[in-house]
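We're numbering straight along the sequence, starting at 1. In each ligand, atom 1 is the first atom listed, and ligand 1 is the first ligand listed.
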Amino acid sequence: MKAIIPAAGLGTRFLPATKEQPKEMLPVLSKPVIQYVVEEAVSAGVDDVLVITGRGKRAIQYHFDRSLELEDLLERSSNTDKLRQIRAIPDLANVFYVRQGRPRGLGHAVMCGAPHTGGESFYVMLGDVLVPHNDCLPRLQAVHERFGGSVLAVQPVERQYVSRYGIIGGHEIEPGVWKVTDLVEKPPINESPSNLSIFGRYLLTPEIMRILPRVEAGRGGEIQLTDALKQLLRTEDIYAVVMDCVGYDTGNVLSWLEANISLALDTEELGHQLRESITRLLK
Ligand code: G1P
């Protein structure tokens, strides 16, 4: 399967850090978020990744390309561990790029990938959403194989935050799997069909590419993927899988901090020291 990684958004929630730097290149520990996303795709068997980029996103292309000067330097200084890490990046997957002329919403960004995906189902993985455990895409795939249709990863959120996300409505058909009957992009609390938020990982059937060109601007004046999915419901089934791990929306400063702390606590080099630092800071 192929994956589309939309990465053309402007990152306004993270200014000024994202003024000249793509939000997808912000580091979590020492790795840019988008590298985690590509690694997650690869571990689910994806070998063809299309990144939707735009103005100011050149660093992403450079990151997945070779850096001969850097390799030379690391080789001469016998820094073999770092050299191995740097050389592995361009070999991760075949990464392709399409530019979205101007940011017109997630739905429009996905539509820019239509010539690349052809008539096949594909994953959409938001380039600033980090999912630390690698079982999310395989779970979407498993539900797609059993029930057919498109499948979305969802995560419960506190009701007061529903207006930050795309929200699904529907009924649970087995533990953790929902049949979707409604979708709303960023609803006000009193109009939200549930507290299950769409969380940055989708397995979509090719029909969505036929719907997207007809979708009118919705929330925020943008072409919303959620609105296209709502139209898709008229002709195809959509399912949702409740993720059993925490995902991080790293375009948001608090969530980015949590991602850093949570991943660091899990490492041998930093975990112990960080626990001590946090205890000291909390005193
Ligand atoms: C996008 C989607 C939204 C989804 C969210 C997940 O919104 O439109 O449905 O819940 O990503 O992070 P954005 O955060 O780009 O405004």
(request) Could you verify whether a donor N or O on one side chain and an acceptor N or O on the other, from E207 and T235, lie under 3.5 Å apart? (result)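 Side chains of E207 and T235: no pair found under 3.5 Å.
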
(request) Report the residues that fulfil side-chain contact (heavy atoms from CB on, under 4.5 Å) with D128, sequence neighbours left out, ordered by chain and then residue number. (result)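 Only R13, K23, L126, D249, T250 meet the side-chain contact (heavy atoms from CB on, under 4.5 Å) criterion with D128.
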
(request) List in chain and number order the residues that pass side-chain contact (heavy atoms from CB on, under 4.5 Å) with S262, two or more places apart in sequence or in another chain; answer none if no residue qualifies. (result)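 side-chain contact (heavy atoms from CB on, under 4.5 Å) check on S262 returns Y248.
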
(request) Taking the side chain as every heavy atom from C-beta outward, state whether E158 and N195 have any atom pair closer than 4.5 Å. (result)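 Heavy-atom side-chain distance check fails, nothing below 4.5 Å.
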
Ligand 1: protein N/O within less than 3.5 Å of ligand N/O:
unit_1, atom_1, unit_2, atom_2, d
ligand 1, 7 (O), K186, NZ, 3.4
ligand 1, 8 (O), E185, OE1, 3.4
ligand 1, 8 (O), E185, OE2, 2.8
ligand 1, 9 (O), G166, N, 3.1
ligand 1, 9 (O), E185, OE1, 2.8
ligand 1, 9 (O), T226, OG1, 3.4
ligand 1, 10 (O), G166, N, 2.9
ligand 1, 10 (O), I198, O, 2.7
ligand 1, 16 (O), K186, NZ, 2.7

(request) Fit a plane to each ring of H116 and F96, take the angle between them on a 0 to 90° scale, and name the class: parallel (under 30°), tilted (30 to 60°) or perpendicular (over 60°). (result)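 Tilted.
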
(request) Would you list the pairs meeting ring-ring contact (aromatic ring centres under 6.0 Å, His included) in which at least one residue belongs to residues 161-205, sequence neighbours left out? (result)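 The answer is none; no pair qualifies.
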
